[in-house]
Amino acid sequence: MTILGIETSCDETSAAVVVDGQRILSNVVSSQIELHRPYGGVVPELASRSHLQLVDVVIADALRQAGKSFEEIDAVAAAYGPGLATSLLIGLNAGKGVAFRLGKPFVGINHVEAHLYSPLMDHGVAETLPMVSLIVSGGHTILVHVTGIGQHRILGQTLDDAAGECFDKAAKLLKLGYPGGPEVDRLARQGNRKAIAFPRSMLDQPGYDFSFSGLKTSVLYYLKRTATVCVADVCASFQEAVVDVLVGKTVRAARDTGVRVVSASGGVSVNSRLRERLAEECQRRGWRLYLAPGNLCTDNGAMIAALAYHKLQAGKAGDLGLEIGPSIGLGVTT
Ligand code: KG4
Ligand code: ZN
């Protein structure tokens with residue numbers, strides 16, 4: 001089954017053609033980073049205007065790279081939430097329009113749920129479950145217990161800032177570029193992880209919730225009271241604090257739920273130190289770890305098409321009346 005997946009929930013215009021939820025024939029991502037960089041964050045009006053200008057081109061490109069015509073597509077999927085309302089509208093309506101024109105099924109996909117399954121794309125999903133999955137992006141920090149496709153229970157999530165947001169805000173305080181995560185990751189390699197003792201918020205508390213706003217404030221106070229700042233040391237120490245909490249809670253969640261499989265997804269799961277630490281912890285315990293390649297961690301259409309395949313297999317086709325859901329949650333299904 002060949003599915004066209006469309007993703008425009010934030011600042012990436014993406015379309016992909018994926019066969020049977022696994023074989024990626026194309027995955028075109030047009031990033032708006034340059035557009036938003038002067039503002040240090042995503043400007044919704046600019047994002048939606050850019051999605052509108054590009055969505056047709058990106059879809060055509062995805063089909064061309066896949067060597068498929070519109071008629072060879074069996075179903076169309078698009079992210080309908082969560083995300084920026086005016087951005088979601090563009091991809092969702094484009095997807096519904098193509099599906100309507102072709103007379104093919106349309107599937108609306110929850111963007112966060114798509115992140116959840118993105119590390120499993122290269123594997124049979126059944127063999128990887130049950131698992132504990134960490135979703136860490138610019139908008140989300142969620143720990144999930146997954147027992148089947150569409151069967152998941154949220155164990156914990158951030159009470160304030162998302163991990164990626166925290167990376168971006170810390171980078172802004174350090175006057176680094178936007179988005180901050182990749183810059184902090186790069187500079188941290190030259191710094192000392194133990195130079196500054198930033199707080200590990202909520203690590204010692206029971207449960208699996210996170211809080212990152214205090215860490216951002218600690219970076220601010222450190223910078224205010226320090227005359228000569230070594231940016232690499234701040235990056236390394238800050239990153240270690242975030243990673244300690246993410247890894248600590250993920251390992252605890254896996255241990256408590258008794259699973260032996262862990263995965264991580266979302267933009268922050270590109271982070272080299274997070275990947276390294278998760279690999280160490282899982283290897284030590286004999287657990288399997290699934291991480292997506294970088295281009296499938298950040299927002300992309302392939303993860304939308306892949307999850308749509310599994311939804312269709314489970315008999316869950318959407319309808320063309322589906323509206324955007326800018327603030328939908330991941331849902332509790334078990
Ligand atoms: O999943 P994503 O592309 O978009 C959302 O759905 O939010 O994630 C973007 C976030 C940004 O906050 C960015 O700074 C962060 O992922 N990020 C990183 C790295 N690469 C991207 N954070 C830490 N280390 C990285 N290498
Ligand atoms: Zn995302």
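Counting convention: from 1, in listed order, for ligands and their atoms alike.
- At least one N, O or S atom of His111, from either the backbone or the side chain, sits less than 2.8 Å from the Zn ion (ligand 2).
- Ring pair Tyr39/Tyr178: centre-to-centre distance not below 6.0 Å.
- Summarising the local packing, CD of Gln22 is surrounded by more than 12 heavy atoms from other residues, nucleotides or ligands at distances under 6.0 Å.
- Within the 4.0 Å heavy-atom cutoff, Gly139 counts among the residues contacting ligand 1.
- At a cut-off of 2.8 Å, Cys10 is not counted among the residues with an N, O or S atom near the Zn ion (ligand 2).
- The closest approach of Asp299 to the Zn ion (ligand 2), by N/O/S atoms, is made by OD1.
- Under a 4.0 angstrom heavy-atom cut-off, His140 registers as lying outside contact with ligand 1.
- Ring planes of His152 and Tyr117: tilted class, angle from 30 to 60°.
- For ligand 1, the polar-atom distance check finds an N/O of Gly181 within less than 3.5 Å of one of the ligand's N/O atoms.
- Across the listed options Ser265, Gly138, Gly164, Gly41, Gly138 owns the non-hydrogen atom lying nearest to atom 7 (O) of ligand 1.
- Geometrically, ligand 1 and Ser272 share no nitrogen or oxygen pair separated by less than 3.5 Å.
- Among protein heavy atoms, atom 26 (N) of ligand 1 sits closest to Asp185 OD2, 2.9 Å.
- Residue contact annotation: His115 has a non-hydrogen atom under 4.0 Å from ligand 1.
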